[in-house]
Undergrad: 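The following block contains the structure, expressed as structure tokens.
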Amino acid sequence: MRELPPLSEPCFGFYATPFGECCMAFSNDGICALTFPEDRDRGWADLQSRFPGVDFKRNDTKVAAYVRQIFGKGKRPVVHPIGTDFQLSVWEALQNIPAGKTTTYAQIADVIGRPKAVRAVGTAIGANPIVYLIPCHRVIRTDGSLGGYRWGLECKKAMLAYEKR
DNA sequence: ATAAAGGCCACCC
DNA sequence: GGGTGGCCTTTAT
């Protein structure tokens with residue numbers, strides 16, 4: 001992982017969404033993490049591994065407000081993903097997939113100009129820190145099968161169904 | 001510096 | 001459906 005930028009007023013929390021309870025974290029007043037862990041311990045552990053040593057303050061109220069904005073009629077909040085140049089280019093490409101559509105790991109590799117790096121694209125997508133807003137769930141395998149999902153295939157299925165039509 | 005582990009793909013059976 | 005070899009990045013030795 002590259003060196004982390006300073007996080008001002010870092011905070012995090014948990015809140016219910018249409019896809020189960022999410023774990024969300026903020027840096028510099030923007031979202032730096034959005035995940036759907038099986039339980040809160042895992043959510044916290046994931047956050048610690050992504051941002052070692054950062055002292056996030058618990059703030060479920062703030063998370064609740066953002067959940068309403070994201071899954072209600074609110075405008076899309078700004079995302080602040082942190083990663084390597086390769087990861088950022090992959091996550092950037094994901095944001096151009098329209099809702100209700102899917103693409104493949106190989107197509108993403110083409111879009112970022114690294115057609116041979118399909119395997120690495122899969123790994124980078126698995127490391128997506130801000131799921132749903134950076135729609136890694138819209139990426140499936142070339143053969144049409146679903147592929148994997150860091151937070152459980154049921155979650156991926158639910159998101160795709162939610163966006164269908 | 002090197003090894004091991006990945007949300008993959010093409011190809012074979 | 002399953003297994004193999006190749007590919008590339010990241011993380012941990």
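Throughout, protein chains are lettered first and strands after them, A, B, ... in sequence-line order, and every chain is numbered starting at 1. Just the heavy atoms: all of them, side chains too, but no hydrogens, waters or symmetry mates, feed the values below.
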Undergrad: Provide, to the nearest angstrom, the distance between the CG atom belonging to A:L153 and the P atom belonging to B:dG7.
TA: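 Going from A:L153 (CG) to B:dG7 (P), I get 11 Å.
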Undergrad: Figure out the NZ/C1' separation between A:K157 and B:dG7, and round it to whole Å.
TA: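 Rounding to the nearest Å, NZ of A:K157 and C1' of B:dG7 are 14 Å apart.
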Undergrad: Does A:K57 count as lying over the ring of A:F12, i.e. NZ or CZ under 6.0 Å from the six-ring centre, within 45 degrees of the axis?
TA: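 Not flagged: A:K57 not positioned over aromatic ring of A:F12.
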Undergrad: Under 4.0 Å, counting only non-hydrogen atoms across every strand here, what does A:Y149 touch: a base, just sugar-phosphate, or nothing?
TA: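 Here A:Y149 touches the bases of the nucleic acid.
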Undergrad: Using whole Å, what does the distance between atom C1' of nucleotide B:dC11 and atom CZ of A:R141 come to?
TA: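 Spelled out: CZ on A:R141 to C1' on B:dC11 is 14 Å.
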Undergrad: Does C:dC7 have a Watson-Crick or wobble mate here (both distances under 3.5 Å), and if so which one?
TA: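 C:dC7 is unpaired by these criteria.
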Undergrad: Taking the six-membered ring for Trp, are the ring centroids of A:F19 and A:W151 within less than 6.0 Å of each other?
TA: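 Centroid distance A:F19-A:W151: not below 6.0 Å, so no.
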Undergrad: Within this structure, what is the CD-to-P distance between A:Q107 and B:dG7, rounded to whole angstrom?
TA: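 My rounded result for the distance is 20 Å.
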Undergrad: Is it the case that more than 12 heavy atoms not belonging to A:F71 sit under 6.0 Å from its CZ atom?
TA: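 Yes, enclosed.
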Undergrad: OP1, OP2 of B:dG7 versus side-chain N and O of A:R150: anything below 4.0 Å?
TA: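 Result: no.
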Undergrad: Measure from the side chain of A:C136, starting at C-beta and using heavy atoms only, and say which of C:dT10, C:dC7, B:dG7 lies closest.
TA: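 Of C:dT10, C:dC7, B:dG7, B:dG7 is nearest to the side chain of A:C136.
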Undergrad: For A:F86 and B:dG6, give me the distance from atom CZ to atom C1', rounded to whole Å.
TA: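 Going from CZ in A:F86 over to C1' in B:dG6 covers 12 Å.
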Undergrad: What is the separation between atom CZ on A:R119 and atom C1' on C:dC8, rounded to the nearest whole Å?
TA: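 To the nearest whole Å, that distance equals 9 Å.
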Undergrad: Do A:I97 and A:T102 have side-chain heavy atoms sitting under 4.5 Å apart?
TA: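 When only atoms from C-beta onward are counted, A:T102 and A:I97 do not touch, as no gap falls below 4.5 Å.
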Undergrad: With sugar-phosphate meaning primed atoms plus P, OP1 and OP2, does A:T142 contact a base, only sugar-phosphate, or nothing at under 4.0 Å between heavy atoms?
TA: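 The residue A:T142 makes sugar-phosphate contact but no base contact.
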Undergrad: Out of B:dC8, C:dT9, B:dG7, which has the shortest distance to the side chain of A:V118?
TA: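 Selected nucleotide: B:dC8.
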Undergrad: Nearest to the A:K156 side chain among B:dG7, B:dC8, C:dC8, which nucleotide is it?
TA: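 Minimum distance to the A:K156 side chain belongs to B:dG7.
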Undergrad: Closest to the A:I125 side chain: C:dT10, B:dG7, B:dC9?
TA: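 Nearest listed nucleotide: B:dG7.
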Undergrad: Measuring from the side chain of A:K116 (C-beta onward, heavy atoms only), which nucleotide among B:dC9, C:dT9, C:dC7 has the closest atom?
TA: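 Of all the options, the side chain of A:K116 is nearest to C:dC7.
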Undergrad: Just checking A:A120: base, sugar-phosphate only, or nothing, at a heavy-atom cut-off of under 4.0 Å?
TA: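 It contacts base atoms.
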Undergrad: Counting distance only, does the side-chain N/O of A:K156 pair as donor-acceptor with the main-chain N or O of A:G148 below 3.5 Å?
TA: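 Yes, the answer is positive, given that a donor and an acceptor are paired below the 3.5 Å cut-off.
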Undergrad: Rounding to a whole Å, what distance do you find between A:D110:CG and B:dC9:P?
TA: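 Distance, rounded to whole Å: 11 Å.
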Undergrad: If I take atom CZ in residue A:R114 and atom P in nucleotide B:dC9, what distance separates them, rounded to the nearest angstrom?
TA: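 Result: 16 Å.
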Undergrad: Any base atoms under 4.0 Å from A:V139, or only sugar-phosphate, or nothing? Heavy atoms, all strands.
TA: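 Base contact.
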